[in-house]
Amino acid sequence: MDLEPLISRMKIGSAGETGSWRNYRPVVNKELCNKCKTCFSYCPEGVISEDIEIDYRFCKGCGICKEICRQKAIEMVPE
Amino acid sequence: MDLEPLISRMKIGSAGETGSWRNYRPVVNKELCNKCKTCFSYCPEGVISEDIEIDYRFCKGCGICKEICRQKAIEMVPE
Amino acid sequence: MLLELTIYCRGGQGGVTSAKLVATAAMLKGLYAQAIPQFGPERRGATVNAYLRISDTPIRRRSSIKNPYGIVVFDRKIALNSTAKLGIINSPDPIKIAEKTYYLDATRIAEKNSLVYAGWTVLSAPMSGAIAKALDIEFHYLKEAIRMELGEKAEKSIESAREAYEVVLWT
Amino acid sequence: MLLELTIYCRGGQGGVTSAKLVATAAMLKGLYAQAIPQFGPERRGATVNAYLRISDTPIRRRSSIKNPYGIVVFDRKIALNSTAKLGIINSPDPIKIAEKTYYLDATRIAEKNSLVYAGWTVLSAPMSGAIAKALDIEFHYLKEAIRMELGEKAEKSIESAREAYEVVLWT
Amino acid sequence: MWDLQGDLQTEGYRNGSRIRVLLTSNEAIAEAVRIARPEVIAAYPITPQSPIVERLANMIARGELNASFVRVESEHSAMAVIHGAATAGARVFTATSSHGLAYMYEMCWWIAGSRLPAVMAVVTRSIGAPWNIHGDHTDIVLLRDAGWIIGMAENAQEAFDMTLQAFYVSEEVNIPFAVGIDAFTMSHTAEVVELWNPRLPERKQAYRVLPMDKFAVNAVTMGKARMKARYDLALDLENSANVIERTDKDFGNHGGLVEKYRLEDADYAVVMMGGWCGDAKDAIDALREEGYKIGLLRLRFLRPFPKKAVKELGGDVLVVDRSNSDLRGVLGIEVSACGIEARNLVAGIGGVDVGVEEFYKIFKKFVDNKIDLGWYL
Amino acid sequence: MWDLQGDLQTEGYRNGSRIRVLLTSNEAIAEAVRIARPEVIAAYPITPQSPIVERLANMIARGELNASFVRVESEHSAMAVIHGAATAGARVFTATSSHGLAYMYEMCWWIAGSRLPAVMAVVTRSIGAPWNIHGDHTDIVLLRDAGWIIGMAENAQEAFDMTLQAFYVSEEVNIPFAVGIDAFTMSHTAEVVELWNPRLPERKQAYRVLPMDKFAVNAVTMGKARMKARYDLALDLENSANVIERTDKDFGNHGGLVEKYRLEDADYAVVMMGGWCGDAKDAIDALREEGYKIGLLRLRFLRPFPKKAVKELGGDVLVVDRSNSDLRGVLGIEVSACGIEARNLVAGIGGVDVGVEEFYKIFKKFVDNKIDLGWYL
Amino acid sequence: MILPGNTSCQGCPISLAMRCLDEIENPVLVIPAGCSTVVAGLHPNSAMKIPVIHVPFASTNAVACGVKKAYDQLGIKANVIAWMGDGAADIGFATLSASAVRKDDLITIVVDNEAYMNTGTQASLSTFWKAKTTTSPKGKGDERRNLALIMIAHKADYVATATVGYIEDLRRKFRKAGEMSGFRFIHLHSPCPPGWRFPSEKTIEIARKAVASGAWALFEYHQGRLRFSPVGRRYVEKENRIPLADYLKSQGRFEHLSVEEIEELEKVIEEEWKILRKLSTD
Amino acid sequence: MILPGNTSCQGCPISLAMRCLDEIENPVLVIPAGCSTVVAGLHPNSAMKIPVIHVPFASTNAVACGVKKAYDQLGIKANVIAWMGDGAADIGFATLSASAVRKDDLITIVVDNEAYMNTGTQASLSTFWKAKTTTSPKGKGDERRNLALIMIAHKADYVATATVGYIEDLRRKFRKAGEMSGFRFIHLHSPCPPGWRFPSEKTIEIARKAVASGAWALFEYHQGRLRFSPVGRRYVEKENRIPLADYLKSQGRFEHLSVEEIEELEKVIEEEWKILRKLSTD
Ligand SMILES: Cc1ncc(C[n+]2csc(CCOP(=O)(O)OP(=O)(O)O)c2C)c(N)n1
Ligand SMILES: Cc1ncc(C[n+]2csc(CCOP(=O)(O)OP(=O)(O)O)c2C)c(N)n1
Ligand code: SF4
Ligand code: SF4
Ligand code: SF4
Ligand code: SF4
Ligand code: SF4
Ligand code: SF4
Ligand SMILES: [Mg+2]
Ligand SMILES: [Mg+2]
């Protein structure tokens, strides 16, 4: 019996490199950023690290990080 | 197409003459009865008429009428 | 040898149980047996049937019994005219309901042994005694059968069955 | 004659709609046509395909298109190397993606006509213009098709389609 | 005469009393339903059927269709709602797919046993586990014991025509009617359809229940009567073939229970049903060009099963199935049960794409005598 | 070794390591389940299946069976609970009938597709409308596409043995197993059974899901993989025949996929399944006495279908069916699909009583060549 | 609305409740599997003076909804009644809930005998905590579901509890429901002699003890307001109630309960009253 | 607990909520059909770091119950989570209700995006009154079902409402649920950009507006007591709230609403608050 059709295994990028979905790229202004980590908490994709680096391979460019940042430290730049 | 297998028609005594199920027969003592109609209201079978006559063809002998009668006007007599 | 019996009784009187007791007794005797209830809702007081098959070879058929060798009647009010070879009826007086009819006052026996539940006299034990007797099943098999079915609560039933086994008469 | 085209675009750009518009235009011209979306969840931004078949006889087949006669590319970022006869690409500059490639700046045309919804430039109208041109479908059929699909809201789209129809170039 | 509105913004391309429009089979079914004017519609979303119901919801919202649309919480309830409405005398419609059909399965039996006319579109889709939203026929064939008329269309035109015929036939014979179309390759593929507007008769049914009636329907029923009801259903279902054949000309002339494609002189016959028959026909044409005498018997109906047409098949027979029971396909079993020696290939399960090229290869193998029972994996 | 308690107050009549007791088939199944020691049981009441579950509930309450008994609100949930428990690695059991089977139908597909071992008793009963609580096989045959092993016992002994075998086979091949018995004539008929106590191996299954795992089961799966899964299931189901045949001797020696009764020299063969085969055998004996060379092929399994045994049938064949698909019986279709020319009688629907006398008449007609396709009404 | 000589057991609460349907005009009954199916008559007989549509177990409110929608479309007046047991409310709860949320214009009556009686007294979600049934041989482990309260949380247009113990109150509620429109829900306490194990003549007495002991609260909820019914109002206060044991110990299904267990049950019941009292305040 | 690069749409609330599952120890997810199925990964990939059992639409709580019962029998510790959309709660409501009454030891999380998103935004029982969906093209005619309130009426051991708009509060509730045992229910407000028709960057803003306008109440119910959550407590009082229109008008699905309709909605919402306030008193 071949189990493979029934089993799906953990994978980063289960939908591929979703960075290609982006129209806009979030860019963090390190000057303005106070490392409050709010963007880290609210990124639906979980692509912002605790030291506020964005993994552009997978960031879909939703813009939530930009909106949530009280410091206005994130800008959405057209791809 | 024969509809009969699907249709059931109204019938008194749909389960036959259920009076035969009785072990005890409720008998109304007309002396004691004040025609309050409580037994009429509570007979599950609906076999007590408004003037407190019991239809023994169908009375199953449950004894509810005897219990509910405040006048103790109904006695359960062994069949 | 295949014996088929139909039991006529009213819901609450223990017709099915009696079939089971006798069937178990037959099994203990080394025979084969079937005990069959009526298929459908059983209402207390309403007429219901049960069936019993006993054989010395495995019983394969399981359809309903149409022409029983014997009939068993728990309640005299269930009027019956049968052409069966064997009849067993709960009645203090002799009544002929089959070629050879056994009769006994099972109600009295049951009441004497206080086999009365929620106003209903349960006749399975005495009637099974009568049936066993009529079918030539030794009493000790029936006794064992009642024990298997009822466990510790069996004694009163065994007593009733024994009395029935002994007193039943035939016409 | 059976023409099969595969449309490559990103979710939200209007690839399926463009297929429908061109198919309808072909129908109005008296041809037969199929417009086929990708079968499954479409996510905004993700690469999706659509398919288009046009024929002068009824189209019976409905399996996927494996070796298209033409390919249509809505987004230059979707890199493509094809051996198709016909290519149509949204690009300000000539790029060769097929034997004969049409190109146009559909994004600019759409934006000019403010075909932008929720941050997404919808390219169905201009791209359908380019496809119609490449397939030799007269513009008035496409115009009618856009009316059928969009009703009163059709005008801006018709404009874009017309401009595309006129400006598209080929290499 | 025409009152297409809303989704059909214009009248398209007129062709006599017909108009040509580009529609998916889902949309074509919804248009047919509009014309049939059911009074009660209830359905539950499921891919790939949802667009049918959404389009109907739109028509109703726009006032183009005077029907009650009930948003239910499940398919069991969708079928229950139309069961109730049909009992009360309304013309009814629902649609489903796959797990939805499985979830309403009990009600499918009940409505058929109740002899209530009803029409359901089934957008055929694979049943899990595992999940898969694509096309095969494992769902619709499950109705074959339940006492339903089961049709499978090949294209949007036939989906439209068959849906209209479904209302007519169902109400004529008091048996529910399932109209099958393939997931996506039909349900979501837009193509040219000629719409037209037949005058369907008023709702007709063997009985209905009204407030002052004094009878019950479907009470506990003992053996003989219950068996008689089941027999009548089976018999009337068998005889519905006559109504289907007789009215075929009124509903698009698609051939009745079957379509025979290049069969007259065929030494090799393929038996199939559903949307992929179009691809098969193209493949057959190609083989014909090469001189192979091959043809297609397209089953338009699974119930009543076209036994006569199957039995008439001469030469070698290959059944290509899109559903399986065990290793065999469901059609394979049905065809063989007609006393035909048939080979059987199961293909296209879970939406596996089988097109002209594949059919060409399969049929080639068939005429070369290289297929017995197998799966096209 | 024996630990029968509670309902079995004594050890009955010992016969070596076996004891003889008087049990209904419902009770016999419950006893087999006790011996198999499932960890999770979930079931929903329905006539005539309820006594199975009540007996199990009793065993658990008395501490005789260490299982979790989940009182669910429906059959869909009953199957879902045992699906979940099986996924987590527990041995599981449920039981149902008729509408219950129809109501859990989606889950039946899911558990089979998931390749989870599980055992279900099906007390076969007619499916409405109209309501009817009596016996026929319209319910259990509905599992034939779903990927289940489907057995039908003839008597309480076989019900007991088959239930034990079911746990073994199901866990060996990773396919759920339905054990069928007839409503009332078996489920409620007490007869002599020899109980015995085989040592079943520990629970075994192809996979299970545990808290620290990092994989998903049954995610959305595209065509090829989905089709492969369905193929594997069909293939393994077909091959389960080997396991059934091989272990037949360990589970009562009932004959494997079929029982052949007086078939060796028969010119006339009857094909049937279920409890009424006992009556048929008595009728056959009577006809044999009269010199008719008639025998019975009793199908003990509908899936895997005993194709080989059917194909080996010589002479005239009559299939007596207790379920129908259209006018034909379900077994009639299956047997004919094996390339056998068979007559087909549908009988006993909705509990219509067909006994020795009736079978005698039917078989007489058969040998007199007076039956083609028909209903015994 | 039910005729004598039907198949109900002696002392059956369902038969009694069915008689009261004459308070409702133009009734059309939709009945799923359960004792009511049997009581309403076996083919070819119907015990009912009104039309009955028998339906699958889980489908009641959906079928009823379909019937009503059709009548509305066809211009026919009717009070469509989804009449079901507590078991049907279990399996059909999704359907019932959806019907309430849609505010289907029909009357739902749950005839609650606290078990699956028709299949032999198996525990339902309504079965009283610790009651013995054939699937809870040592007493049911979990508390009963409070259907009426849940229907209030659904914002049903009319919610009432009733009992066969007080027929006038029951009839009044049937009548009231019949005169209104919208989604109307009645939860009907129905002691069942064979299922609860008491003699058939005690049906009414036990029903009344349930009220007097606080085990069954009588109220109506309408237009956002909960009101206790006159007949049971004095039992809102715990001190007016009879001991719960009086109610429980008259039934075989509770024979096994210890004093401590009954105290536990009393506590749980009082918790429910607390919520009801909150809801009854303005 | 979900990995980057999954199939969720831009700005998806489900993906965000799934991240928070790391608050719960030993989780085993049971997921029925819905967006969550897709987000969790298409074969052969799983986007989740934890085990996922995909199950039929109506079966979630029952499968979860089976999983948990098996682990209990086999001596395995786990927090089994029935993770479903509002649509799965519709079709599976009987199952959910029974699970609550049985007090199954598991966590039920309803990720409520107020429609059947995965099949194309059809109205569910949770869909906000008057919201446009593909099956309510003129706005939905009936009010949303208040799942949390209904679960309170079920006496669930723990009931909480939460929102992706306040992640700390959400995480706290996940954590709390994970540390308890018994039947735990979390109703999670989840604004969905494509379904509600707003730009993907607005998910959080809209979620917060729901709270600030009173459209979404944040509370916990535990041991018979309802407590409003700190983050939303000030909106218990109507005068502290922002206008409901602020919330509604930021979404395409409410574009068509008139001022009067919004007032109607405000009234209905205030009625619900009334009940909640009653339940929060001692
Ligand atoms: C899908 C399905 N499952 C199970 C049954 C079997 N069944 C018939 S009646 C019944 C119990 C009815 O209980 P309830 O609704 O409380 O009514 P009561 O008999 O107690 O009045 C059950 C389980 C059925 N008919 N259909
Ligand atoms: C029995 C059944 N009916 C219908 C479906 C189709 N279906 C899949 S997902 C879905 C909607 C899911 O809605 P919800 O639970 O709210 O989750 P969401 O996608 O909104 O997150 C539906 C109707 C199904 N899979 N099974
Ligand atoms: S939210 Fe803004 S300030 Fe805070 S960590 Fe992110 S970028 Fe920096
Ligand atoms: S744009 Fe969206 S996905 Fe990208 S980092 Fe910001 S929040 Fe995350
Ligand atoms: S209850 Fe008693 S007093 Fe009243 S009418 Fe009946 S018999 Fe007479
Ligand atoms: S004994 Fe029962 S059935 Fe007879 S009259 Fe009295 S209440 Fe009615
Ligand atoms: S079991 Fe109870 S509810 Fe059912 S018919 Fe008998 S008395 Fe009535
Ligand atoms: S439709 Fe909404 S809930 Fe579904 S994946 Fe997209 S954003 Fe998430
Ligand atoms: Mg009940
Ligand atoms: Mg949702």
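Chain identifiers are assigned alphabetically (A, B, ...) following the order of the sequence lines, protein sequences preceding nucleic acid strands; residue numbering begins at 1 within each chain. Bear in mind the structure is a predicted one, so any value in this text is a computation, not a measurement.
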Identify which of [options] forms the greatest number of heavy-atom pairs closer than 4.5 Å to chain D.
| options | value |
| --- | --- |
| E:A283, E:G351, E:G278 | E:G278 |
| E:D282, E:D182, E:N155, E:T47 | E:D282 |
| E:T24, E:T189, E:I133, E:V354 | E:T189 |

- Message: Ignoring hydrogens and geometry beyond distance, is a side-chain donor-acceptor pair present between D:R60 and E:Y261 at under 3.5 Å?
- Response: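 The answer is yes; a qualifying pair exists.
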
For residues 14-24 of chain D, run the donor-acceptor check on the side chains, cut-off 3.5 Å, and write out each pair with its distance to 0.1 Å, sequence neighbours left out.
from  : atom 1 : to    : atom 2 : distance (Å)
D:S18 : OG     : D:G15 : O      : 2.7
D:T24 : OG1    : D:K20 : O      : 2.7

#### Entry: D:F39 and E:H188 aromatic centres sub-6.0 Å
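No: the rings miss the under 6.0 Å criterion.
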
**Message:** With a 6.0 Å cut-off on the ring centroids, do E:Y268 and E:F366 count as close?
**Reply:**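 Yes; E:F366 has its ring centre under 6.0 Å from that of E:Y268.
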
Pairing of D:E144 and D:K29 as salt bridge, 4.0 angstrom limit: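 Salt bridge absent between D:E144 and D:K29.
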
Q: Decide, yes or no, whether a salt bridge links E:R262 with E:D285 under the criterion of side-chain N to carboxylate O below 4.0 Å.
A: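 A salt bridge is present here (some side-chain N lies under 4.0 Å from a carboxylate O).
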
Next on the checklist: I need the contact set between residues 63-73 of chain D and chain E: heavy-atom distance under 4.5 Å, sorted by residue number.
Outcome noted: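 From residues 63-73 of chain D, the residues near chain E are D:S63, D:S64, D:K66.
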
Exercise for review: Specify whether E:W196 and E:F160 have parallel, tilted or perpendicular ring planes, treating 30° as the upper limit for parallel and 60° as the lower limit for perpendicular.
Suggested key: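 Judged by the thresholds at 30° and 60°, the geometry between E:W196 and E:F160 is perpendicular.
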
